[in-house]
Number of protein chains: 2
Amino acid sequence: MLSERKRKILCAVVDGYISSAQPISSKEIQQQYMLDCSSATIRNELSALESMGYLIQPHVSAGRIPSELAFRFYVDQLMNEYQLTSHDVEIIRKYFSQRIVTLEDVMTAVMHIISEITDYTSVVVKEDMSDKITAIKLLDLSNGKLLVVIVTDARLLKDGVVEIPEGADERTLQQAEKWLNKLFVGKHVSEFVNFNYTYTLANSQFSQFNALFKKIIDVLKKVSLENGLDVETYGQHKIFQHSEYSDVHSAQRFLSEMEQKVKIAQMFTNDGGQQGSVTIKIGESDNAPAGCSVVSTRISLGENVSGSIGVIGPVRMNYKKVVTVLDKISDLLIDIIK
Amino acid sequence: MLSERKRKILCAVVDGYISSAQPISSKEIQQQYMLDCSSATIRNELSALESMGYLIQPHVSAGRIPSELAFRFYVDQLMNEYQLTSHDVEIIRKYFSQRIVTLEDVMTAVMHIISEITDYTSVVVKEDMSDKITAIKLLDLSNGKLLVVIVTDARLLKDGVVEIPEGADERTLQQAEKWLNKLFVGKHVSEFVNFNYTYTLANSQFSQFNALFKKIIDVLKKVSLENGLDVETYGQHKIFQHSEYSDVHSAQRFLSEMEQKVKIAQMFTNDGGQQGSVTIKIGESDNAPAGCSVVSTRISLGENVSGSIGVIGPVRMNYKKVVTVLDKISDLLIDIIK
DNA sequence: ATTAGCAGTCTAACCCTTCGAGTGCTAACA
DNA sequence: TGTTAGCACTCGAAGGGTTAGACTGCTAAT
């Protein structure tokens, strides 16, 4: 448990680093945040926080920067409120006062608002849940491969080819087919983006077919991403405003990452938080891209459509502001989407 | 008219600069491209080409780089054939051997192929021509504004608000409405992306309403872009592979540009070249973004859908390769799309 | 018309120094 | 025991100066 003073100092470092992108020195903390002890005392505390893993010293004659652990602690316990500025509110007003007719319009507006206010790349993921699976068929292509056909309500079929596992005769394949249908029919295609197969498969009676099922579910995942999911981003150029992307390499990495829509979708849709609560992923340990954080919230977009909105940006992100903006937009969406 | 030797030298400079991104020296040309005269002679020729506007010398002790004029001349007259490498062919094979079902699949594959082979950002624009305009209505909102409602076959209506011009009474507005209907009904929404109003309007009998019509057409343009047009890009991160974007500023400019889908659509769809012929825009004078070139070709995607595919990248682009790839893909598409 | 040779120019790279910011440690102090 | 002043030390960023070398333009000879 951290002492009150340590918490205060840690918060000062994180806040300061978020706004300046520079290592924070003991003097700076004393002058700007706490006046009741000397910089030497703060140095001692900083040193302690560093050995606890919360702070990092880029080099010996520099101040401290927060570790990912510190950011995690910050968003969970230290972060205080952010008040939307009149400028922020004006941006929201501007977009929502435009004529908005379709769901597309809404989402485009939301993306632009979020990106403009926060200066991060905004992401909208839309999951169309209306397309239900009506049947799964396995077709032996008699060259050692199996054609998996997934039939759905709306579009006739989606398919993929997988290897037939060793020692699978016709009868076992039929059984497998039966089992697959039992498991999947009636479900929405987009439910499989984040399907965690280890559990389900470990308990199935077809453990020798694990590899096959895994592949089939991969086909489902692919299909669900390509058909049931719509990923849009806006404000990729905003990353250049942040000093962590001032070198070309990290910028390139970020952009490559952003073009992998599948990955993006997963980051924004999994561990489904409830509407109204904001999920924050910090760094690779949270399955965000290296050096990046993902802040998102789930939204409902009508009968059979749900989704996520959020931003992706450097770990040194203005979480307060982002969370507040997402909350606000989320509230507004509830009013707008009937 | 340029002498044969000047053409040869100019071609050498352009080819050399395209592949090295470095100013080309007289010595280099002599060694690599022509052995039948000395570097001093080439220096004289280079000097002449510079004063003709084809070459630029970054500083006095550097070689020459081609001007945009030179690139224009190169693509029109000098450029020789490019042979697809086996690696290129392999990439095409890889993507087209995947199961491709929908038009979406095709276009995604095409985008990836083009970007992977060329290392530039690829763009696909799809214009859905099935949505025809059935009527245009003007509604006086009696606050000095006019609601323009565009009714189409498919989706009920699209609208926008414009100011009523000075001195427009009810009767003239009715006339204007009539004229608008005569002009637009039966046309496809997406025809207006590149509608050039100056000509049409200059010859209309409503010259005093030019501003109004202009706005209405802007609404149509906006509508057609938002509804009838689909712009997708892939490989934005590829720009970092090219030295002109090794500084953060130009990279940012490029990305901002790429996020303006409207502009992109216009660059790829206008002055409608025929399928099978590749259009090359070089630099701002050709309405490409500053420092950029746009290479595109029109394709047919079925009954009521047409579009463009192409790349956008630095003016120092490997035009040979890009043109060849686009030609190839264009041919393949003709086979695939029925 | 072409070419060898040479003086002149400019960049890129490297090294060196300096400046200042910030720390850790020590010893004194409450 | 916790806090603080003082100081030596470290390290990076910035600036200046030098050097090496890449090319050119010009001149004069062929």
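Just so it is clear: chains get the letters A, B, ... in the order the sequence lines come, proteins before strands, and each one is counted from 1. A quick note: this is a predicted structure, and the numbers were derived from the prediction, not measured.
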Atom-pair distance (CG on A:Asp36; C1' on C:dA30), nearest Å: 17 Å

Interatomic distance, A:Ile24 CD1 vs C:dT23 C1' [rounded to whole Å]: 15 Å

Short side-chain N/O contact to C:dG24 OP1/OP2 from A:Gln57, under 4.0 Å: yes

Nearest to side-chain heavy atoms of A:Leu46, which nucleotide of C:dT23, D:dT24, D:dG25: C:dT23

Touch class at under 4.0 angstrom, heavy-atom based, for B:Ser39 against every strand present: nothing

Flag, side chain of A:Thr121 to backbone of A:Ile239, donor-acceptor distance under 3.5 Å: no

Protein-nucleotide distance (A:Lys27, atom NZ; D:dG6, atom C1'), rounded to Å: 14 Å

Polar side-chain contact B:Arg43-C:dG5 base: donor and acceptor under 3.5 Å: yes

Contact under 4.0 Å: B:Ser38 side-chain N or O vs C:dT2 OP1/OP2: no

Side-chain N,O (A:Arg64) to OP1/OP2 (C:dG24) below 4.0 Å: yes

Rounded interatomic separation in angstrom, taking CD1 from B:Ile65 and C1' from D:dT24: 16 Å

Under 3.5 Å donor-acceptor pair, A:Ser61 side-chain atoms to D:dC11 base atoms: yes

Parallel, tilted or perpendicular, as decided by the 30° and 60° cut-offs, for the rings of B:Tyr17 and B:Phe71: tilted

Nucleotide D:dC23, atom P - distance to CG of B:Leu55 in whole Å: 15 Å

Flag for B:Asp327-B:Ser330: side-chain donor and acceptor within less than 3.5 Å: no

Validation row: B:Met317, B:Thr118 side chains within 4.5 angstrom (heavy atoms): no

Nearest-Å distance for atom pair CD1/C1', residues B:Ile42 and C:dA1: 15 Å

Residue-phosphate contact under 4.0 Å: A:Ser25 side-chain N/O, C:dT23 OP1/OP2: no

B:Glu50 CD to D:dT24 P, straight-line distance once rounded to whole Å: 10 Å

Geometric class of the B:Phe73/B:Tyr54 ring pair [parallel <30°, tilted 30-60°, perpendicular >60°]: tilted

Protein-nucleotide distance (B:Gln22, atom CD; D:dC23, atom C1'), rounded to Å: 13 Å

Residue closer to the 5' end of DNA chain C, B:Ala40 versus B:Val60 (nearest nucleotide): B:Ala40

